Chemist: 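This is the structure, below, for whatever I ask next.
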Amino acid sequence: MTWNGWAQIALVLALAVAMAIPLGRYTAAVAHGRLGFLAPVETLIYRAAGIDPKRGMGWRSYTLAMLAANAAGFALLYALLRLQGGLPLNPQGFDGLSPWLAFNTTASFISNTNWQAYSGEAALSYLSQMAGLAVQNFLSAATGIALAFAVCRAFASGGVSQLGNFWADLVRICLYLLLPLSLVFGLAFVALGVPQTLSPYVEARTLEGATQLIPLGPAAFQIAIKHLGTNGGGFFGVNSLHPFEGPDAIATALQIIAQQVIPFSLAITFGHLVGDRRQGRALLAVMLGYVVVATGLIYAAEAGGNPLHLALGIDPTQGNMEGKDLRFGLPLVALFSATTTGASCGAVNAMFDSFTPLGGLIPLFLIQLGEVLPGGVGSGLYGMLVFALLAVFVAGLMVGRTPEYLGKKVQAREIKLAMLAVLVLPATILGFASLSVALPAAIASIPAQGPHGLTEMLYAFSSAAGNNGSAFGGLAADTPWLDTTLGIAMLLGRFAYVVPVMGIAGALALKPKLAASTGTFPTHGPLFAGLLAGVILILGGLQFMPALALGPLAEHFVLAAGRSF
Amino acid sequence: MLDITQTPRQGTARRDRRAGAALGEPAILRRAALAAWAKLDPRQLVRNPVIFVTEVVAMLVTLLAARAAWLGEAWGFQAGIAAWLWLTVLFATFAEAVAEGRGRAQADSLRRTRSEATAKLLLRGDDRTLWQPRNATELRPGDLVLVEAGDLIPSDGEVAQGIASVNEAAITGESAPVIRESGGDRSAVTGGTLVVSDWIVVRITAAPGATFLDRMIALVEGASRQKTPNEIALDILLAGMTIIFLIAVATLVGFASWNGEAPAIPVLAALLVTLIPTTIGGLLSAIGIAGMDRLVRFNVLATSGRAVEAAGDVDVLLLDKTGTITLGNRQAAAFLPAPGVAERELAEAAVLASLADETPEGRSILAFARDSYGITPRALPAGAKVVPFTAQTRLSGLDLPQGTQLCSFRKGAVDALLKGAGAEAPAGFRDAVDHIARSGGTPLAVAKDGRLLGAIELKDIVKTGMRARFDALRRMGIRTVMVTGDNRLTAAAIAAEAGVDDFIAEATPEDKLSYIRRAQAEGRLVAMAGDGTNDAPALAQADVGLAMQTGTQAAREAGNMVDLDSDPTKLIEVVEIGKQLLITRGALTTFSIANDVAKYFAILPAIFVASYPELQALNVMRLASPESAILSAVIFNALIIVALVPLALRGVRYAPIGAAALLRRNLLIYGVGGILAPFLGIKLIDLLLQLFGIA
């Protein structure tokens, strides 16, 4: 590790936070529906779709509207992917996807996971990319943010049953937040050399006289939303490692900022919406703290290098550079790896499969902690609030009052729903991964021996259920078993989680907002931030320790002892 | 720091003497040890998900050990784990049994005092010569019974006629008799108490089996115990965590198969039981029972655990001024002479005017004159004519023959005296009177032969230590509100002197009710104490209503707690007991969850020692062998329950230092301590196991 490296990390994170603070205030205005500079477009959409933006929805109708929108999106995308062979904008003449792969891909993009069991440039038409995936990139991100708005509103006032209008939220988030930001970031990526074209792939002749097909496409704007919406699905198969997706260090830094800025800013938005900005800052501090620590751990592990390589006399100052690109450098790779997994983005600019065991453990563990650090757009915030409720419940009793968070009593109903939500990740990840390292049909997908193979499978289901979408690599994921189970894991990770969370929002909204006193558990400041960080680690992470002990931890100690498989 | 936890212990001591139910008394422990076995019944245990899972796992491991023994395989290790898993369950049921046992001992002593007497049922209205014996258990609400000196009052009721002194020691533990009379605020009588003198006619108000004593027995016995809202929520959290760890451990079978390994079931069982929150799961109900019990020992009966929890949440405390904040009687504090009058002349006239005054105020004037001026009151002079106080004149005093003349000495309300004297008050006197009123006192004017001599300042004396207690309450985040019938000026002065946050002056019952409603609308929880019938609506509206045992039946029905000592100040301690209950739950939950970290370090390297001996690097405690590591973790997990039983029953100490400081302290002790303690404990047990060569 070098000071220069840490300076790069600090600079990029500082920029992200600096942008997130004003953006958070702006997003609060979006949530309040106070912005009007696109009012004509907004009104036109409302009129065309028959939406009354002032009609409030209770938690049930809000959730049902969200589920209906996503079900419709699911049907459309699935049809598009299956039928792309006969549809326009398909210069390479790709066939429709297999039912398994189409299900997997649809589930993936609906749930903001963007797990890719295919390689974009070798399987998808431009129409599928633009009208299918890019549209879902917007819709799944806007869905997440809308849900977060609804949850924030539940804390903001007392004794109400309505949490806002889902359709109006969706329209406003797209119009005022995601589209303008994507435009800015997309243009920046074009300026940095990322292609944005509808022309067919270029055939080039190499110096040795061979022909090479160079894939192109409308990549720049899709990459902008891929990061901004913490989607993570690459235009090209190797994602941000591809020279057209991540041309240089500046572009990779910009991508990190794009991943972090909305999740960070939503913590600030939360503070604004509940009328106490310190509350938002406390959540942001926890998110940022975890990102810094995780980056440091990855950086240290990778800078330390692979002991087996070092034993062969390889220059130890380089660290472990396998699977990484020199144009990014170790610090930005470490930071990108921590942010993409912490933020439920899933884009990658290096191959985790080639990380040292501990370097690979951190991204995996960040996902398993519940994708709240800072988590996906919207989903990170409401996930964080679930942990905040649990933290307040367990430790809040220790001040001698029925626990309350932001003046809302935390009682049996909230705890029941919070535990239901918290159960989704371990049940899905551990259940499917455990089956998949035992069933012969699934084992065939794992090329690696020993603990590394287990890590690959564990990572795949963690990534799917956590709606992250990054791949550890190595796994042959496009099989009927994995396409199906991973697809189910993605849907469960998104929808089985958010329905109880919305139930909590509905219950909390109805409760009166109690006044705070000096006897109230303070939920801002370092003490609460530390407590929340601890609760995330213990309630979110402990259950994965046995599996991790057999995967990356075992690999680490085995490697240190010089044993390989 | 003021230790306001001191006061409850006085109450505790009294009841302890009566019930003889101190913690750790051998008889209770013996009985609890037996009861613990009965509680192993799975049908009963299923109410406690964590311990139920532990029991199921213990059964499974027992069967496996038996099978191994049957097949002639090594079974010692499995039997060891099985034994300690059973002990874990037993320790948990034992904790509950001890907590219940303490209540049961009290219930027994109450039951002995329950009335078996025959009642004298009046046959014709209030004609008390015509009665018929009737079994007390057959009395219906509305029946009129005669109770004479030496009779036990057969059931709860209101005095319809007569006045009697009643010994209520059976309920309150206080043997000095109290007066019960018809009408007013002292009309409620309780079944099982003894009429010591005179007679009363009682109108029965309680149905058989639903008397105060019956309810009290059920309460302390825990028979009607229902889980409180917070307990239910905590139970759900613990059940959820149990399911999560069940998943983590069950899926380990699949993960281990990747290396072609199959971990032994007893080992997985050990991992599961040490990870699920058995510590808090085992102690949760004991904490709740002990909390109610603490209140009972403190001579306060709560109608439900819910009320005790609500007490911990209270933000606003409504306290009556008289008797709670002040000593209750106004007392003379100064003599302020009118211009041109000597202080001593005023004092002597005041003494003469008060000689026949038997009210506490009058006596306090004599006492003050004696203490400050050395005027010793003498007997009523011969020939003196007492002029008693009347509502019309609002004056009292006496006429004294001096030589041929008759001198009149009067004291009374300032305006009344001035009107009687027909004189204009001198400016200096007016100022003095205003000053007294502003500083919270009551001025009394004194005149001799119609000549204004000056004023006596009567003051409400604030009880010592009240200011410090209110400061402590403020640090707890609780606002205190003084309720008084005084005018605003007087009320403001006393409020300032006592250090309360707010006051309601010239309070009517409606004022109290609307104040409570307003505070509740702002999202605050309100507690109040009251005794009179007109307090009943406010008591019912308050989140915590503490009724006085000496109060009316209506007040006792409206409140959700009854103070047997009839001391409204106790509201403060009731709040603390509520807080202590919640803190104890939170602290032990935190401790229990934090324990898991160390258990991983003990068990995980041990489970996978065959396929990954390198994982021994995680064995930071350097435990001797895999078997010893697993057994040590299970033993620690069981013993910690027993070790924490005293804490669960006694409760975590509460200090009014503000939420942030309290949280920091408890997080440090139970959070950080909870992470570290098992590292030490497990290592110690491992060393002992080595020493005795067990594993």
Side-chain angles (χ1 to χ4, degrees), chain A residues 158 390 393-403 407 410-412 414-416 419-420 422-423 426-427 430-431 433-435 437-438 450-451 453-454 458 512-515 517-522 525 527 531 534 538-539 542-547 549-551 553-554 557-558 560-561 563, chain B residues 229-230 232-233 236-237 240-241 243-245 247-249 251-259 271 309 312-313 315 474-479 522-524 578-580 582-583 585-587 589-590 593-594 596-597 600 604 608 612 614-615 617-618 654 658-660 662-664 666-667 670-671:
Chain A
L390 291 174
F393 182 73
V394 173
L397 279 176
M398 285 196 291
V399 305
R401 285 172 69 95
T402 302
V410 186
Q411 289 162 316
E414 291 78 52
I415 292 301
K416 189 183 345 175
M419 287 316 282
L420 268 181
V422 168
L423 262 173
L430 295 176
S434 169
L435 269 182
V437 293
L454 182 73
L458 190 61
K513 203 166 162 67
L514 304 178
S517 72
T518 51
T520 312
F521 179 85
L527 187 65
L531 171 70
I538 287 185
L539 284 182
L542 271 191
Q543 60 266 36
F544 295 105
M545 289 313 290
L550 282 176
L553 279 178
F557 291 114
V558 165
R563 183 149 72 107
Chain B
N230 176 258
I232 293 172
I236 293 170
L237 179 89
M241 292 186 65
I243 297 173
I244 288 178
F245 285 118
I247 293 171
V249 172
T251 54
L252 208 48
V253 179
F255 290 127
S257 75
W258 174 249
N259 308 311
L271 179 63
E309 266 177 28
D313 289 349
D315 312 273
R474 203 167 300 116
R475 284 197 297 277
M476 286 155 72
I478 297 173
R479 283 166 54 81
E522 288 165 11
R524 298 179 201 282
K579 286 195 179 295
Q580 202 183 18
L582 293 172
I583 292 175
R585 267 190 212 141
T589 306
T590 307
I593 296 173
D596 279 1
V597 177
Y600 271 126
L604 280 185
F608 303 118
Y612 298 118
E614 296 88 349
L615 275 179
L618 287 177
Y654 173 75
L662 201 58
L663 180 66
R664 192 173 306 121
N666 287 336
L667 263 184
Y670 300 99

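Predicted model, so just to flag it, every value in this text is computed and none were measured.
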Chemist: Need one label for Lys513(A): side chain, backbone, both or neither, based on atoms under 4.5 Å from any heavy atom in chain B.
Modeler: backbone
Chemist: Count the heavy-atom pairs under 4.5 Å between each of Pro229(B), Ala233(B), Ala587(B), Ala660(B) and chain A, then report the option with the highest count.
Modeler: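 Most heavy-atom pairs under 4.5 Å with chain A: Ala233(B).
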Chemist: With rounding to the nearest 0.5 angstrom, report the CE to CG distance, Met241(B) to Leu390(A).
Modeler: 9.5 Å
Chemist: Does some side-chain heavy atom of Leu550(A) sit less than 4.5 Å from a side-chain heavy atom of Asn259(B)?
Modeler: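 Yes; the side chains approach each other to less than 4.5 Å.
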Chemist: To the nearest 0.5 Å, tell me how far Leu663(B) CG sits from Leu531(A) CG.
Modeler: 6.5 Å
Chemist: Taking Ala561(A), Pro522(A), Pro546(A), Gly396(A) one by one, which has the highest count of heavy-atom pairs under 4.5 Å against chain B?
Modeler: Pro546(A)
Chemist: Nearest heavy-atom pair of Val437(A) and Trp258(B): which atoms, and what distance?
Modeler: O-CE3, 3.7 Å
Chemist: How far apart are the closest heavy atoms of Tyr612(B) and Arg563(A), and which atoms are they?
Modeler: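 In this case the closest contact between Tyr612(B) and Arg563(A) is CD2-NH2, 3.8 Å.
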Chemist: Heavy-atom distances under 4.5 Å only: say whether Arg474(B) touches chain A with side chain, backbone, both or neither.
Modeler: backbone
Chemist: To the nearest 0.5 Å, tell me how far Thr589(B) OG1 sits from Met398(A) CE.
Modeler: 9.0 Å
Chemist: Please determine, among Gly158(A), Ala438(A), Ala560(A), Pro451(A), the option with the most heavy-atom pairs under 4.5 Å with chain B.
Modeler: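 Between Gly158(A), Ala438(A), Ala560(A), Pro451(A), the count favours Pro451(A).
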Chemist: If you round to the nearest 0.5 Å, how far is CD1 of Ile583(B) from CZ of Arg401(A)?
Modeler: 11.5 Å
Chemist: Measure distances from Asp313(B) to the heavy atoms of chain A and classify the residue's part below 4.5 Å as side chain, backbone, both or neither.
Modeler: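 Both parts, backbone and side chain.
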Chemist: Below 4.5 Å from any heavy atom of chain A, which atoms of Phe608(B) appear? Answer side chain, backbone, both or neither.
Modeler: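 Phe608(B) touches chain A through side-chain heavy atoms alone.
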Chemist: Measuring heavy-atom distances to chain A, does Phe255(B) have an atom under 4.5 Å in its side chain, in its backbone, in both, or in neither?
Modeler: both
Chemist: What residue in Leu542(A), Leu458(A), Leu553(A) has the most heavy-atom pairs under 4.5 Å with chain B?
Modeler: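 Top option by heavy-atom pairs under 4.5 Å: Leu542(A).
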Chemist: Given the options Gly450(A), Gly431(A), Ala395(A), which has more heavy-atom pairs under 4.5 Å with chain B than any of the others?
Modeler: Gly450(A)
Chemist: Select, from Leu662(B), Ile244(B), Ile478(B), the one with the greatest count of heavy-atom pairs under 4.5 Å involving chain A.
Modeler: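 Looking at each of Leu662(B), Ile244(B), Ile478(B) in turn, Ile244(B) comes out on top.
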Chemist: Any idea which of Arg585(B), Arg664(B), Glu309(B), Gln580(B) has the most non-hydrogen atom pairs under 4.5 angstrom with chain A?
Modeler: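 Of the options given, most contacts go to Arg664(B).
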Chemist: Could you walk me through whether Ile232(B) and Ile415(A) pass the side chain to side chain contact (heavy atoms under 4.5 Å, CB included) test, one step at a time?
Modeler: CA-CA 10 Å; Ile232(B) 293 172; Ile415(A) 292 301; over 6 Å; no
Chemist: What's the spacing between Phe393(A) CZ and Leu237(B) CG if we round to 0.5 Å?
Modeler: 6.0 Å
Chemist: Does a donor on one side chain and an acceptor on the other come within less than 3.5 Å for Thr402(A) and Asn230(B)?
Modeler: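 Side chains of Thr402(A) and Asn230(B): no pair found under 3.5 Å.
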Chemist: From Glu522(B) CD over to Leu514(A) CG, what is the distance, rounded to the nearest 0.5 angstrom?
Modeler: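 Here the rounded value is 11.5 Å.
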Chemist: Identify which of Val597(B), Val249(B), Asp315(B) forms the greatest number of heavy-atom pairs closer than 4.5 Å to chain A.
Modeler: Asp315(B)
Chemist: For the interface with chain B, which of Met545(A), Glu414(A), Lys416(A), Gln411(A) has the highest count of heavy-atom pairs at distances below 4.5 Å?
Modeler: Met545(A)
Chemist: With chain B, which of Ala515(A), Pro512(A), Gly525(A) has the greatest number of heavy-atom pairs at distances under 4.5 Å?
Modeler: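 Option with the top pair count is Ala515(A).
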Chemist: Leu435(A) versus chain B, heavy atoms under 4.5 Å apart: side chain, backbone, both or neither?
Modeler: neither
Chemist: Examine whether an atom of Leu604(B) lies under 4.5 Å from a heavy atom of chain A, and if so say whether it belongs to the side chain, the backbone or both; otherwise answer neither.
Modeler: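 For Leu604(B), side-chain heavy atoms alone lie under 4.5 Å from chain A.
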